[in-house]
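In what follows, a single structure is set out as structure tokens and then discussed.
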Amino acid sequence: MHDAAPPVLPATEQHRIPSAPRGRSAAADQPLRIGIYNRWLNTLGEGERYMAALAGVLAERHPVELIGHEPVEFARYQEVLGVDLAGLPQRVLPLDVDYQSVQQASADYDVFWNVSQGDIFPGLAAVNALVVFVPGPLPAPEPAGSTAEPGADAGSGRPRVVPLSGLYQPEAGLGRFVRWSGPELRLLLTGLPTRGPAALRLVVSGLRGRGVPSAEIALYDAGGLLERWRLPNRRFFGLTVPLPEPRSSRLVLRLVTTTFVPAQFGAEDQRELGVALADLSVLTGPTRRHVSYFPQVGPALRGWTPRQRALWEQASYDLLITTSRFGQHWTERRWGRRGEVLYPPVPVERLAPAAKQNVIVAAGPFGGCGPDPGHRTMIQMFRRLCADGLAGWRLRLLGPVAAGSGEYLAELRRMAQGYPVELLADPDQAAAHRTYAQARICWDATGLGVDDQAQPDGFESFAAGVVTAMAAGCVPVVLRRASLPEIVEDGRTGLLWDTPEQGSQLTRGLIADPDRQHGLAAMARTASRRFSEATFRTRLTDLTDRLDTVLEVTYPNAWTRHAR
């Protein structure tokens, strides 16, 4: 590791987004340079709808760039999702091993958002945010005796870092409390594991003021140079240095930095200053209160198990966003992290009931590799209602058609033959909203037959189609699973069922009671406003305003829960 070429952080000036003026304070109202990554940009699913909404709101206050692997089809976003992204700059990168190109590009931003379903890798921005729909399971633990998990053979005491010399007193500045270093900072690391991953984590600012040369810093142990950086003159950077193995349980490190005297540049401060530190910690697993990532994979990482790598990769994100409480529950259960819930925005303000018809509507993709939307079940439910005497009603199934789904559509049409069932394939947004506005009842059977307490991947992270139907005056009669119970209050804003037979029975009773149907529809419309675009905007703005202080994230028992 000592012989490795010293890494140099990319200079801000080399990137095409204009940088913030130098010398300005990193105040909350200063625009943040934001990059948003999505591998699946042109699939135009619910994840892309979410990403588009995110980009649209953030771009109102900050320079935003979309990152992907092919040019964005802006016209299709407008046609299919009703979202206008034209004018946002794009950055097209190769899809290479371990997302190396995207990782390197993320260092060019103040805030990096990863909104790509299932694609997790370390983010290298000053602040990194990850949107999680339904979190995947961690790799299984290695068999006993195969590879040491982090923390094995720990030295005496809890791992910690103690500054020995070279730090000034804490002070408020640069948007948070910091401690400035002098030309050399000496650190004592104690309680280290003698084997397994361990690292030193620093959050430092390269912001020195107009005309001051950029900071150059280097970290040494007794064996020589560990890492070296040049910091662009802006905001904060997270730097994590894996400690070489084998190691003692006690290490002394030196952080050497170029310095400046503010008084020589027009200020009153006569001190010789190096860099401002906002976080200084020692890591032996993601159980601490600060987030870690590795700018490059060094020798200390090559022997890690897939489980260890997965934990550290998701731990690189300062802010974890889930799209429902259902997703939040599973993120905490699988990863040991409790994310912030930011519900997807639904255009409820632009939806209203039309002249109602005797229609039951259900939304879900035709084919694809996602959760089963339950089309077969709902056709069987409707056929059963018709066999029991229901007349004058229609069932409309609508959704996008996945490539290669012709046989699936043909099967559904065969099942529906002879019944008033309509399949609306690939409707544009206007046609979908018109269908919801005309319908009286909305069904959703996604994930039927799957245990949402054991297999969350069999469900949608958030049932946006049900919210859309509620806003258009439909009564939801839906499966009591996943995110649906947090959207629909049973008996007040809709009806929940556990079996298809119960769903048919509730539907039959609702059709026979127009007054109750009308009352539930009115309550459903009101409840849908919780998921409005305005609510999304307010919540996202609040989260964005807090990004300067989200470097502390709690991981309740994460390492002890997952590393064994």
Side-chain angles (χ1 to χ4, degrees), residues 16-18 33-95 101-102 105 109 112-119 131 133 323 344-351 363-370 373 396-406 409 423-437 460 462 464-465 467-468 471-472 531-534 536-537 540:
R16 71 168 182 258
I17 296 182
R33 296 157 28 85
I34 296 175
I36 301 178
Y37 170 70
N38 188 348
R39 178 181 176 181
W40 318 100
L41 272 171
N42 288 323
T43 61
L44 302 184
E46 289 303 318
E48 288 62 57
R49 188 189 303 274
Y50 192 93
M51 180 216 67
L54 189 80
V57 174
L58 293 176
E60 294 174 359
R61 300 174 58 194
H62 309 281
V64 171
E65 187 168 51
L66 300 179
I67 307 169
H69 305 294
E70 58 183 344
V72 181
E73 299 177 16
F74 288 126
R76 292 196 64 222
Y77 268 83
Q78 181 71 54
E79 175 188 351
V80 178
L81 302 181
V83 178
D84 184 9
L85 293 181
L88 284 185
Q90 304 177 56
R91 193 171 185 180
V92 180
L93 299 172
L95 180 58
S101 294
V102 181
Y109 305 96
F112 173 70
W113 285 82
N114 183 347
V115 196
S116 191
Q117 175 81 11
D119 299 303
V131 175
F133 297 92
T323 59
V346 179
V348 300
E349 301 92 339
R350 302 195 298 276
L351 292 161
F366 295 106
C369 57
R396 286 180 178 163
L397 305 178
L398 61 91
V401 179
S405 300
L409 276 171
L423 306 184
L424 281 66
D426 284 329
D428 58 26
Q429 188 178 65
H433 287 179
R434 186 164 55 250
T435 301
Y436 287 126
E460 291 179 301
F462 181 78
V467 177
T468 304
F531 311 104
S532 68
E533 292 173 331
F536 177 86
R537 179 186 303 275
L540 177 57

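- Identified under the side-chain hydrogen bond (donor to acceptor under 3.5 Å, both in side chains) test for residues 44-55, with sequence neighbours left out: Asn38-Glu48, Thr43-Glu48, Glu46-Arg49.
- In this structure, the separation between CD on Glu70 and CG on Leu95 is 10.5 Å, given to the nearest 0.5 Å.
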Chi angles and distances behind the side-chain contact (heavy atoms from CB on, under 4.5 Å) call for Phe74, Asp84: CA-CA 7 Å; Phe74 288 126; Asp84 184 9; over 6 Å; no

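- Listed by chain and number, the residues in a salt bridge (charged side-chain N to carboxylate O under 4.0 Å, His left out) with Glu349 amount to none (sequence neighbours excluded).
- Here Leu398 contributes atom CG and Thr435 contributes atom OG1; the two are 5.5 Å apart, rounded to the nearest 0.5 Å.
- Nearest heavy-atom pair across Gly47 and Phe133 is CA-CZ, 3.8 Å.
- Between the Asp426 side chain and the Val401 main chain, a donor and an acceptor come within less than 3.5 Å of each other.
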Between His62 and Tyr109, does a side-chain contact (heavy atoms from CB on, under 4.5 Å) hold up when you go through it step by step? CA-CA 11 Å; His62 309 281; Tyr109 305 96; over 6 Å; no

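- Arg537 CZ to Leu54 CG: the interatomic distance, rounded to the nearest 0.5 Å, is 11.5 Å.
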Determine whether Trp113 and Val64 satisfy the following criterion, side-chain contact (heavy atoms from CB on, under 4.5 Å), listing intermediate values before the conclusion. CA-CA 10 Å; Trp113 285 82; Val64 171; over 6 Å; no

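- Interatomic distance, CE of Met51 versus CG of Leu44, reported as 9.0 Å (0.5 Å rounding).
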Please test Asn42 against Val72 for side-chain contact (heavy atoms from CB on, under 4.5 Å), starting from the C-alpha separation and ending with a verdict. CA-CA 6 Å; Asn42 288 323; Val72 181; 4.3 Å; yes

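- Separation of atoms OG (Ser101) and CD1 (Ile67) is listed at 11.0 Å; rounding is to 0.5 Å.
- Atom CD of Gln78 sits about 8.5 Å away from atom CD of Gln429, to the nearest 0.5 Å.
- When all heavy atoms are compared, the tightest approach of Leu41 to Gly68 is CD1-CA, 3.7 Å.
- With hydrogens and angles ignored, the 3.5 Å screen pairs no side-chain donor or acceptor of Thr323 with any backbone N or O of Pro344.
- Nearest heavy-atom pair, Ser532 versus Val348, reported as atom, atom and distance to 0.1 Å: CB-CG2, 3.3 Å.
- The shortest non-hydrogen separation linking Pro427 to Gly399 is CD-O, 3.6 Å.
- Of all the heavy atoms in Leu88 and Ala59, the pair that sits closest is CD2-CB, 3.8 Å.
- When atom types are taken as modelled, the side chain of Asp119 and the backbone of Asn114 share no donor-acceptor pair closer than 3.5 angstrom.
- Classification of the Tyr37-His69 ring pair by plane angle, with boundaries at 30° and 60°, yields perpendicular.
- Minimum heavy-atom separation, Val92 to Pro71: CG2-N, 4.1 Å.
- Glu65 places no side-chain N or O within donor-acceptor distance of the main-chain N or O of Gly35, the cut-off being under 3.5 Å.
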